[in-house]
Amino acid sequence: MKNLMLFVLVIFSFGCTENKKMIVDETPFQRKMNTEFKDASKSPLKAKDLKVFDGLDFFPYDSAFVVTATLKRTPNSEWFDMKTSTDRLSTERVLGVLNFELKGESYQLNVYQGEKLMQTEGFEDYLFLPFLDNTNGASTYGGGRYIDLKIPEGNTIEIDFNSAYNPLCAYNEKYSCPIVPRVNYVDLDVEAGVMAFKNH
């Protein structure tokens, strides 16, 4: 009986250790996000939120949300004004359509290129992937999330939904954030990346 109790105790302790390890182990993306948010010179947080901030909430890393997409370029797409959370308009164009499979279903999302950003040093090949999914307004920000990508040399591109992050206006309304176009809706619970912000 004593041996059985010891065995149960060891298993219980091991289980607790494993759970703690899962929570403590940050991915490089999560570490970078938290470092920037804690840095008063870079953080988008309001002063009152920064005082009590101890880290963003993330879904556990899930490799099922890393997909390889086929990029169908749209070279003749016109520039248009993407609405933002303020009166500002962001001049964008659809660089192409990303086709991929996620959880056994096929999806497609438009990927955008910003006119100003492509003329900014270091951002010449930057692509903007905003998306909506079924977690919005519950476990994630109601306005959807963003993923940063780069123009690939070929016609495939990796999308890692574990690196999905909130628009800055999710933390502070002073920011002007592009509104996710309705066409970029993934009919799925994308439980990966940054979760909704809870200010204390």
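Count residues from 1 along the sequence.
Here the side chains of Ser43 and Leu50 are in contact, with some heavy-atom distance below 4.5 Å. Using a 4.5 Å heavy-atom threshold, the side chains of Asn110 and Leu98 count as separate. Taking 4.5 Å as the limit, some side-chain heavy atom of Phe37 sits within range of a side-chain heavy atom of Pro44. The closest side-chain heavy-atom distance from Gln113 to Ser77 is not below 4.5 Å. In this structure, Asp57 and Lys198 have side chains that are in contact, with non-hydrogen atoms separated by less than 4.5 Å. Residues Phe53 and Lys38 have side chains in contact (heavy-atom distance under 4.5 Å, counting atoms from C-beta outward). Here the side chains of Ser85 and Tyr175 are not in contact, with every heavy-atom distance at 4.5 Å or above. Annotation: side chain of Leu132 is in contact with side chain of Arg182 (closest heavy-atom distance under 4.5 Å).
In this structure a side-chain-to-backbone donor-acceptor pair under 3.5 Å is present from Asp39 to Ser41. At least one donor-acceptor pair under 3.5 Å links the side chain of Arg31 to the backbone N or O of Glu26. Between the side chain of Thr84 and the backbone N or O of Arg88, at least one donor-acceptor pair lies under 3.5 Å. Counting only distance, with no hydrogens or angles, the side chain of Asp81 and the backbone of Leu89 share no donor-acceptor pair below 3.5 Å. The backbone N or O of Leu95 lies less than 3.5 Å from a partner atom in the side chain of Thr74, making a donor-acceptor pair. Proximity of a side-chain donor or acceptor of Thr140 to a complementary backbone N or O of Met195 within less than 3.5 Å is not detected. No donor-acceptor distance shorter than 3.5 angstrom exists from the side chain of Glu36 to the backbone of Asn34, with no hydrogens or angles considered.
Annotation: Phe65 is not in aromatic contact with Phe59 [ring centroid separation under 6.0 Å not met]. Aromatic rings from Phe131 and Phe161 are positioned such that their centres are separated by under 6.0 Å.
The aromatic rings of Tyr126 and Phe123 stand perpendicular to each other, their planes meeting at an angle above 60°, with 30° marking the opposite boundary. Using a 30° and 60° split on the angle between ring planes, Tyr146 and Phe128 fall in the perpendicular class, above 60°.
Remark: the Tyr171 side chain and the Asn166 side chain contain an N/O donor-acceptor pair separated by less than 3.5 Å. Between the side chains of Tyr185 and Asn134, at least one donor-acceptor pair of N or O atoms lies under 3.5 Å. Asp148 and Tyr165 form a side-chain donor-acceptor contact under 3.5 Å, judged by distance and modelled atom types alone.
Shortest non-hydrogen contact noted between Ile151 and Arg73 is CG2-NH1, 3.7 Å. Between Met118 and Glu115, the shortest heavy-atom contact is CG-O, 3.2 Å. Closest of all the heavy-atom pairs between Asn162 and Val66 is ND2-CG2, 3.6 Å. The two residues Tyr112 and Pro181 come nearest to each other via the heavy atoms OH-CG, 3.3 Å. Closest of all the heavy-atom pairs between Ser176 and Thr86 is OG-OG1, 2.7 Å. Considering every non-hydrogen atom in both Phe29 and Ser163, the closest pair reads CZ-O, 3.3 Å.
Counting heavy-atom neighbours within 6.0 Å of Lys46 NZ, excluding the residue itself, gives a total above 12. Atom CG of Asp87 has 12 or fewer heavy atoms from other residues, nucleotides or ligands within 6.0 Å.
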Derivation of the side-chain contact (heavy atoms from CB on, under 4.5 Å) call for Leu188 and Lys103
CA-CA 9 Å; Leu188 186 73; Lys103 303 279 187 175; 3.9 Å; yes
Does the pair Arg145 and Asp133 meet the rule for a salt bridge (Lys or Arg N to Asp or Glu O under 4.0 Å), with working shown?
CA-CA 9 Å; Arg145 291 176 291 167; Asp133 72 275; 3.4 Å; yes
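Between Leu127 and the choices Leu117, Leu149, Ile147, the side-chain contact (heavy atoms from CB on, under 4.5 Å) rule is met once, by Leu149.
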